[in-house]
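Keep in mind the model is a prediction, meaning the values are calculated, not measured. Keep in mind that the numbers below use all heavy atoms, side chains included, and drop hydrogens, waters and symmetry copies.
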Amino acid sequence: MSMESPLHHFELHPIIPMSVMGLDISINKAVIAMWIGSAVIFGVFMLVVKGGVSLIPGKVQSLAEMILEFIGGMVEEFIGEADRAKFLPFIASLFLFILACNLIGLIPGSYTITSQLVVTGAFAVGIFIMTLVIGFGRHGMHFLSVLVPPGVPKVMIPLMIPIEIISMLARPISLAVRLFANMTAGHTVLAVLFGLAMSSPLWVGWLPFGFTVIINGLEIAIAIIQAYIFTTLTCVYIGDVIKLH
Amino acid sequence: MRNKSGLSQGLSIAFRFGIEMAVAIGLGGLMGYSIDYFSGTRPWFFVAGVFLGGAAGVLNVYRAAQEITFEDDDGPNDQGDPTS
Amino acid sequence: MPQFEQVSVFGSLIFWSLISFGLLFVLLKKYAFPPILEALEARQEKIRSEIEASETLKKEAQEIKLQLEKEFQGAHAKAESIVQMASNEAKKLQEKTLSETQAKVRQMQADVEREIETSRIKLLKEIRSYTAQLTIASTEKFLKKSLDEKDKKRLADESIEEVIREMEERSRN
């Protein structure tokens with residue numbers, strides 16, 4: 001048996017072929033993994049709610065509350081206390097969704113949908129459009145002044161506007177690329193190590209297998225950190241267009 | 001909760017800056033290249049785009065760093081224990 | 001990399017991920033978050049009020065403790081004084097009883113002595129009168145002559161002295 005390419009497991013094959021208006025929306029492994037992750041998140045939260053939200057929390061309720069408190073603190077810090085209630089559900093859902101997608105992919109045989117650049121890109125672009133909508137909604141045409149940083153000499157403005165445009169556009173791209181790259185890299189390393197462990201004899205194969213276990217632990221940390229960074233930066237971007245310098 | 005541990009903060013900084021810079025340069029270059037492609041002025045806009053992208057990347061990294069120093073400034077006040 | 005080459009799955013991935021996220025967002029926002037956030041707020045409120053209440057309770061307890069300590073100290077002092085008083089009383093009582101008993105004993109002694117004395121005097125008087133008569137009668141008879149009053153008296157006295165001396169000697173022996 002020849003060793004598979006470590007990137008091979010990123011390939012997707014339709015499980016339930018489907019198409020709407022010429023668009024292929026076949027359901028594949030990535031989509032199913034994402035659904036399972038989302039269902040787990042929703043299930044856990046509904047478990048808390050259905051079990052009766054008590055003043056003295058149980059373990060699951062404490063966890064749910066801790067996440068919400070944590071994200072509430074983030075929203076307060078980067079967007080502002082006044083908008084906490086408005087943005088908390090969205091930011092918390094975003095965090096939980098990405099966290100679930102990142103973590104569900106660590107189960108062997110599963111798939112990390114956030115290792116697809118188009119998915120992270122779609123979210124980043126969506127968030128970017130959202131920030132534009134919020135910016136224009138709050139400040140009207142005055143929002144365009146975001147392209148001119150305060151304290152810039154008039155001569156520099158023609159130079160600063162393209163720089164600011166690039167800087168603005170680079171944000172969603174870096175947001176998308178960061179998540180995608182981290183998820184892909186981690187999974188590629190895991191795939192390589194696992195392939196090594198499987199293809200080498202047992203007396204040496206335990207070594208990469210041990211590394212697989214260690215790196216899997218590291219990957220859990222990275223999955224959480226990346227979900228956190230993605231959410232934090234979303235908050236920062238929304239906060240920037242609300243505060244406008 | 002808001003006072004993250006040093007490790008996670010350092011990791012988040014490390015993950016952010018490199019990609020921030022690379023993406024900005026790449027985007028600037030790509031925008032310049034596409035202008036060149038349609039107007040046939042290759043390679044001038046591409047070169048300018050790379051430089052502008054670099055500037056934008058520096059700007060983004062600068063802003064990100066500013067946020068972090070602000071967090072650091074707030075840190076000791078929140079913690080009330082500068083030795084830890 | 002398949003993530004760039006497998007263009008055919010992009011549509012499905014983008015479509016489903018956005019739809020799923022939208023659905024998750026709506027469901028969480030509608031059903032999951034409000035009760036939990038409410039609970040959080042309620043807890044915070046409760047904690048705040050409870051901390052305040054406990055603060056006042058603590059202050060009250062402190063006051064009560066101080067008061068109790070004061071009272072305790074007072075009671076202790078009182079008890080000590082009562083014990084002191086009682087022991088004083090007891091001592092006094094004891095002394096009094098002792099002295100009374102002694103006095104009684106002394107009194108009794110004195111009474112007895114006096115009684116003895118009176119009875120002795122009475123006895124002596126009786127003896128004296130009896131002896132006087134006896135002496136006078138016997139002397140009259142013996143001398144057959146009457147004596148004048150002066151002699152009578154001297155004679156009676158002499159014989160009385162004699163009798164008493166004799167009696168005393170006898171009683172001494």
### Query
Between atom OG of C:S20 and atom CH2 of A:W35, what is the distance when rounded to the nearest 0.5 Å?
6.5 Å
### Query
Is there any residue in residues 97-114 of chain A with a non-hydrogen atom under 4.5 Å from a non-hydrogen atom of chain C, and which ones are they?
A:F97, A:I113
### Message
Counting neighbours of CZ on C:F4 that are heavy atoms of other residues, nucleotides or ligands and sit closer than 6.0 Å, is the number greater than 12?
### Response
yes
### Message
Please find the pair of heavy atoms, one from A:P89 and one from C:F25, that lie closest to each other, and give the distance.
### Response
C-CE1, 3.6 Å
### Task
Please assess C:F15 against A:M18 for the test side-chain contact (heavy atoms from CB on, under 4.5 Å), listing each intermediate value before the final yes or no.
CA-CA 12 Å; C:F15 178 80; A:M18 244 171 143; over 6 Å; no
### Query
Pick from A:S115, A:A39, A:A64: which one has the most heavy-atom pairs with chain C under 4.5 Å?
A:S115
### Task
Return the option, out of A:N28, A:T188, A:V49, A:L96, with the maximum number of heavy-atom pairs under 4.5 Å with chain C.
A:V49
### Task
Just grab all the salt bridge (Lys or Arg N to Asp or Glu O under 4.0 Å) pairs involving residues 83-111 of chain A, residues at least two apart or on different chains.
A:E76-A:R84, A:D83-A:R138
### Task
For the pair C:F33 and A:L88, evaluate side-chain contact (heavy atoms from CB on, under 4.5 Å) and give the outcome as yes or no after the intermediate values.
CA-CA 9 Å; C:F33 289 160; A:L88 178 56; over 6 Å; no
#### Entry: Heavy-atom closest contact (C:W16 atom, A:M34 atom, distance)
O-CE, 3.4 Å
### Message
Is it true that, when you exclude C:K29 itself, more than 12 heavy atoms of the residues, nucleotides or ligands shown sit nearer than 6.0 Å to its NZ?
### Response
no
### Message
With a 6.0 Å cut-off (strictly less than), is the heavy-atom count around CZ of A:F90, excluding the residue itself, greater than 12?
### Response
yes
#### Entry: Residues, nucleotides or ligands: over 12 heavy atoms within 6.0 Å of C:Y31 OH
no
#### Entry: Closest contact, heavy atoms only, C:S12 versus A:I25
CB-CA, 3.5 Å
### Task
Starting from the C-alpha separation in whole Å, work towards a yes-or-no answer on side-chain contact (heavy atoms from CB on, under 4.5 Å) for A:E69 and C:L40.
CA-CA 8 Å; A:E69 285 254 288; C:L40 272 176; 3.8 Å; yes
### Summary
For A:S93 and C:L24 the tightest heavy-atom approach is O-CD2, 4.4 Å
### Task
Tell me, out of C:S8, C:S17, C:G11, who's got the most heavy-atom pairs with chain A below 4.5 Å.
C:S17
### Query
Roughly how far, to the nearest 0.5 Å, is the CG atom of C:L13 from the CG atom of A:D24?
10.0 Å
### Query
What part of C:E41 lies closer than 4.5 angstrom to a heavy atom of chain A: side chain, backbone, both or neither?
neither
#### Entry: Smallest separation among heavy atoms of C:A32 and A:F45, with atom names
CB-CB, 3.6 Å
#### Entry: chain C contact via A:S26 - which portion, at a heavy-atom distance below 4.5 Å
backbone
### Task
Go through A:Q116 and C:F10 one step at a time and tell me if the side-chain contact (heavy atoms from CB on, under 4.5 Å) criterion holds.
CA-CA 9 Å; A:Q116 286 281 354; C:F10 285 2; 4.0 Å; yes
### Task
Report yes if some heavy atom in the side chain of A:V119 is under 4.5 Å from a heavy atom in the side chain of C:L18; otherwise report no.
no
